[in-house]
Amino acid sequence: ELLILPQKADDYYGPNAALREALQRDGNTWKLVHREAAGNRRSVTVEKGALRSLYPAVHLDAENDEAAFTLAGGLAWVPVTISGLSQPEGHRLVIDGRPLDQSVHGNDYWQTDYDAATRTWSLTWQVPAPKSGSLRIELKR
């Protein structure tokens, strides 16, 4: 994996206040890479589906077009991919009982991919990392 970080806070133009603060404090040092490595230690407990990987995305195979798991760890945003879906529509991601909706122009907050070999679909979201504790995440139809 390749990690590219801004050298100083003035180089960063995004909305992540915690990253901006880290850049002001530790810009252009090894401490930024250490922050990313330590803060992005993820833990997943699967309730429904099967875990494929934790990095670079938390990646699960769905079970009957559904998945459920608990996520702990991560900084800012954690990519979550759920594969093995029979169709790309009709799913909703629910976090701690609330549907995820980051839309700006309709359904523009997730990515869909088709696997021709298995004739199944994958959906990917950027999930806000838990500030502390964990998040229960479900893919429902």
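Nearest approach of Ala129 to Gly73, heavy atoms of both residues: CB-O, 4.3 Å.
Membership of the apolar cluster around Leu19 extends to Leu3, Leu5, Tyr12, Leu23, Leu32, Val33, as traced through chained side-chain contacts below 4.5 Å between ILVMFWY residues. Hydrophobic cluster membership of Leu75, counting Ile, Leu, Val, Met, Phe, Trp and Tyr whose side-chain heavy atoms lie under 4.5 Å apart directly or via other members: none, as it forms a cluster of its own. Summarising the hydrophobic clusters (Ile, Leu, Val, Met, Phe, Trp, Tyr; side-chain heavy atoms under 4.5 Å, direct or chained), the residues clustered with Trp30 are none.
Atom CG of Asp26 sits about 10.5 Å away from atom CD of Gln24, to the nearest 0.5 Å. Atom CD of Gln87 is separated from atom CD of Glu89 by 6.0 Å, given to the nearest 0.5 angstrom. Atom CG of Asp96 is separated from atom OG1 of Thr70 by 8.5 Å, given to the nearest 0.5 angstrom. Interatomic distance, Thr81 OG1 to Gln111 CD, rounded to the nearest 0.5 Å: 7.5 Å. Here Thr124 contributes atom OG1 and Ile82 contributes atom CD1; the two are 9.0 Å apart, rounded to the nearest 0.5 Å.
For residues 42-62, the salt bridge (charged side-chain N to carboxylate O under 4.0 Å, His left out) pairs, not counting sequence neighbours, are Glu47-Arg136, Lys48-Glu66, Arg52-Asp61. Residue pairs satisfying the salt bridge (charged side-chain N to carboxylate O under 4.0 Å, His left out) criterion with at least one member in residues 6-18, sequence neighbours excluded, are listed as follows: Lys8-Asp11.
With sequence neighbours left out, Gln102 forms a side chain to side chain donor-acceptor pair (under 3.5 Å) with no residue at all.
In this structure, the side chains of Leu100 and Trp110 stay at 4.5 Å or more apart for every pair of heavy atoms. Side-chain contact between Leu93 and Leu123 is absent, with no heavy-atom pair separated by less than 4.5 Å.
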Item to complete: Just do the side chain to side chain contact (heavy atoms under 4.5 Å, CB included) check on Val44 and Leu71 with the steps written out, would you?
Response: CA-CA 5 Å; Val44 168; Leu71 169 67; 4.1 Å; yes
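By the criterion of side-chain heavy atoms lying less than 4.5 angstrom apart, applied directly or through intervening Ile, Leu, Val, Met, Phe, Trp or Tyr residues, Val94 is not grouped with Leu60; the two fall into different hydrophobic clusters. Each of Val127 and Trp77 belongs to its own hydrophobic cluster when Ile, Leu, Val, Met, Phe, Trp and Tyr are linked at side-chain heavy-atom distances under 4.5 angstrom.
A donor-acceptor contact shorter than 3.5 Å links the side chain of Asp65 to the backbone of Ser86.
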